[in-house]
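Read the structure below first, then the notes.
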Amino acid sequence: MKINGVKGMNDILPAQVGRWQEIERMAREVFALHGYREVRTPVVEPYALYARGVGETTDIVNKEMYVFEDKGEDKLALRPEGTAGTVRAYIEHGAHVEGPQKWFYIGPMFRRERPQKGRYRQFHQIGVEAFGIAEPAIDVEQIAMLADLFRRLGVAPVVHVNSVGDAACRPAYLEELRGWLRARGEVLCADCRERTEKNPLRVLDCKVPSCQPVLAEAPRLLERLCDGCRTHFDAVRQGLDDLSVPYQVNPRLVRGLDYYVRTAYEFTSDALGSQSAVAGGGRYDGLVETLGGPPTPGIGFGMGEERLALMLEAAGRPVPESRPAVFFVSADEAGRREGLQRATELRRAGIACDLDARGGKLARQFKQAERVGARYALVLGANEAASGQAKLKDMVTREETPVALADLASRLGTGPA
RNA sequence: GUGAGUGUAGCUCAAUCGGUAGAGCACUGGACUGUGGAUCCGGGGGUCGUGGGUUCGAACCCCAUCACUCACCCCA
């Protein structure tokens, strides 16, 4: 009986793993350059963390979370996003006493949705969170940092920014919008009428053609921001201009999680199918307090690794792979023993090398050398073992040059080629 | 949760009107007993997703079911 993997949870095979490693290595490098430190939190958290933090009415919590009972004691959940757990850890360890904290995380998240292009039940996110900084400068820094990360990876998704207001201005706006939408119920699609009650902001980016002209006239939150939000948003835009980071103001940009206030932003690409967002983030000034910590401003983003990998692939970026510098080919038993010995020496010297442990015909061993992408091949037999002299064969040009086995390490340099 | 499309070899796919399953790539052996990629010849590999039905006969038609993909919802 063949057993298959769980729907929406994918294997990342060796041929593709280099893509993930490159993304993660680059992210770690860029984050370190900006003063962010890695945090690792569990994949499982109390269900209540998400119910309270992300919001009980969000789709993520009420229909997409993997929830289970731990031997009938506690209600637990597989994490659907990274912010809540990070905030929980921040509070639990009293990190606020040491001033602002800039953290990042990398790891799997879980949402039980129908899989499609760029969306999976287990997916991987790279995220950052900055705690204790209310100033717009940190919003700017994060957006610029992400843009820089993308640039280094050879892609350039478009940045959309918006302000979703805060407790001072959003509630009043939502009521105004809801009233406005109800008055136009007959001309809107069924989905829009439902969303008017559930999540009126969502109505604004309805894609149904007949809704578009109507919605273009809807009251705009950006024009009704309170002074604090207005000033903050202007400063974010000014900061992005100062750094020459290109962006688009998108008044219809909405975030799916309840905790966002003020700045909301999203990087999108048309290489991703209908799930166009590769990264999304925003400010969550009330979240730390909601989860039992001291009043602490916060802002962060989450980036989808699968989606970023899709973009790199679409951009034609090759998958980096490590290759052995030399592949030992054995002609006989003496050569096999010699090869294993030399390989061990080189490996201890930090030089990647390989051999076909099966031995066998030379042709097969050469084929193996080619398959693993070796730079050079070196045939060893009784003659070479006795003389200490061999021929180093360039796998591309096929040229052979004499080499003393004792000099191999210095000839091949150090580290994997 | 809803809708559509697709299921044939490890991968990508073909098979006319319903007539009993094939190609390329990959793998493997040989041509070539100390030298890989090209060429030639050979080999292994299939419950045609699964179950049922129609038929003398089903990869093909019908029903059911499962899986995958894409889209909706929503989001990374």
Side-chain angles (χ1 to χ4, degrees), chain A residues 1-2 4-8 10 13 15 23 54 57-64 79-83 106-127 146 157 189-192 194-195 198-199 201-202 205-208 253-257 265-269 272-282 300-311 327-332 334-335 356 360-374 376-384 390-400:
Chain A
M1 183 75 179
K2 190 171 82 167
N4 290 107
V6 176
K7 182 204 290 284
N10 303 313
L13 297 174
I23 289 170
V54 177
T57 61
T58 60
D59 281 2
I60 289 180
V61 171
N62 79 57
K63 61 182 226 199
E64 296 172 2
R79 63 181 183 192
E81 57 94 52
T83 300
I106 296 177
M109 307 293 163
F110 304 85
R111 293 183 199 171
R112 200 181 179 292
E113 303 176 86
R114 267 301 256 283
Q116 68 187 67
K117 188 179 177 73
R119 183 169 65 196
Y120 310 100
R121 290 186 172 182
Q122 172 172 335
F123 61 104
H124 298 80
Q125 265 190 5
I126 298 179
L146 253 184
C189 68
D191 279 346
C192 281
E194 195 185 325
R195 280 184 292 224
K198 266 173 53 186
N199 191 348
L201 284 178
R202 284 263 162 239
D205 58 1
C206 178
K207 289 150 201 141
V208 175
L253 174 62
V254 183
R255 309 264 62 231
L257 288 54
Y265 59 95
E266 203 165 274
F267 284 69
T268 65
S269 161
L272 297 174
S274 91
Q275 306 305 320
S276 60
V278 64
F301 64 74
M303 179 175 75
E305 282 195 82
E306 282 81 0
R307 292 185 184 177
L308 182 50
L310 235 34
M311 286 177 63
F327 194 97
F328 291 100
V329 174
S330 59
D332 51 34
D356 190 337
K361 300 170 88 81
L362 293 192
R364 188 175 75 178
Q365 295 185 57
F366 268 97
K367 200 157 192 186
Q368 185 66 13
E370 190 191 346
R371 235 192 312 249
V372 302
Y376 299 100
L378 194 89
V379 178
L380 292 175
N383 296 343
E384 288 83 359
K391 283 178 289 188
L392 191 62
K393 179 169 184 171
D394 187 304
M395 287 296 286
V396 176
T397 67
R398 298 185 167 205
E399 281 168 15
E400 293 188 315

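- Within the 4.0 Å cut-off from OP1 or OP2 of B:C68, at least one side-chain nitrogen or oxygen of A:K7 is found.
- Rounded to whole Å, the separation between the P atoms of B:A71 and B:A9 comes to 25 Å.
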- Item | Nucleotide-level pairing of RNA chain B, given in dot-bracket where Watson-Crick and G-U pairs need both distances under 3.5 Å and | marks other strands | (((((((..((((.....[..)))).(((((.......))))).....(((((..]....))))))))))))....

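- For A:K361, there are no salt bridge (Lys or Arg N to Asp or Glu O under 4.0 Å) partners, not counting sequence neighbours.
- Applying the salt bridge (Lys or Arg N to Asp or Glu O under 4.0 Å) rule to A:E305 yields no partners; only residues at least two apart in sequence or on another chain are considered.
- Under the side-chain hydrogen bond (donor to acceptor under 3.5 Å, both in side chains) criterion, A:Q122 pairs with A:H124, sequence neighbours left out.
- Counting distance only, with no hydrogens placed and no angle test, the side-chain atoms of A:R119 and the base atoms of B:C74 include a donor-acceptor pair under 3.5 Å.
- Partners of A:E64 according to the side-chain hydrogen bond (donor to acceptor under 3.5 Å, both in side chains) rule, which considers only residues two or more places apart in sequence or in another chain, do not exist here.
- Residues satisfying the ring-ring contact (aromatic ring centres under 6.0 Å, His included) criterion with A:F267, sequence neighbours excluded, are A:F150.
- The salt bridge (Lys or Arg N to Asp or Glu O under 4.0 Å) check on A:E306 picks up nothing, with sequence neighbours excluded.
- Taking atom CG on A:L272 and atom P on B:C74, their separation rounds to 19 Å, with Å as the unit.
- Distance check on atom P: B:G18 versus B:G57 gives 16 Å, rounded to whole Å.
- Put simply, CD1 on A:I23 is 12 Å from C1' on B:A76, counting in whole angstrom units.
- Between B:C27 and B:C68, the two P atoms lie 29 Å apart (nearest whole Å).
- Distance check on atom C1': B:G49 versus B:A67 gives 7 Å, rounded to whole Å.
- A heavy atom lying under 4.0 Å from RNA chain B marks the following residues of residues 120-127 of chain A, by number: A:Y120, A:F123, A:Q125.
- Nucleotides B:A21 and B:A58, compared at atom C1', are 13 Å apart to the nearest Å.
- A:E113 places no side-chain N or O within donor-acceptor distance of the main-chain N or O of A:R119, the cut-off being under 3.5 Å.
- Remark: A:R121 pairs with no residue by the salt bridge (Lys or Arg N to Asp or Glu O under 4.0 Å) rule, at least two apart or across chains.
- Look at A:S274 and you won't find any side-chain N or O under 4.0 angstrom from OP1 or OP2 of B:C70.
- Spacing of C1' atoms, B:G24 relative to B:A14, comes out at 10 Å, to the nearest Å.
- To the nearest angstrom, C1' of B:A76 lies 13 Å from OH of A:Y265.
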- Under 4.0 Å protein heavy-atom contact, by nucleotide of nucleotides 26-36 of chain B - B base, S sugar-phosphate only: -S-SS---BBB

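- Residues forming a side-chain contact (heavy atoms from CB on, under 4.5 Å) with A:D394 (at least two apart in sequence, or on another chain): A:Y376, A:V396, A:T397.
- A distance of about 25 Å separates the C1' atoms of B:C61 and B:G3, rounded to the whole Å.
- With C1' as the reference atom, B:C62 and B:U55 are 12 Å apart, rounded to whole Å.
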Enumerate all atom pairs, one protein N or O and one N or O from nucleotides 3-13 of chain B, separated by less than 3.5 Å.
{"from": "B:G3", "atom 1": "O6", "to": "A:R114", "atom 2": "NH2", "distance (Å)": "3.3"}

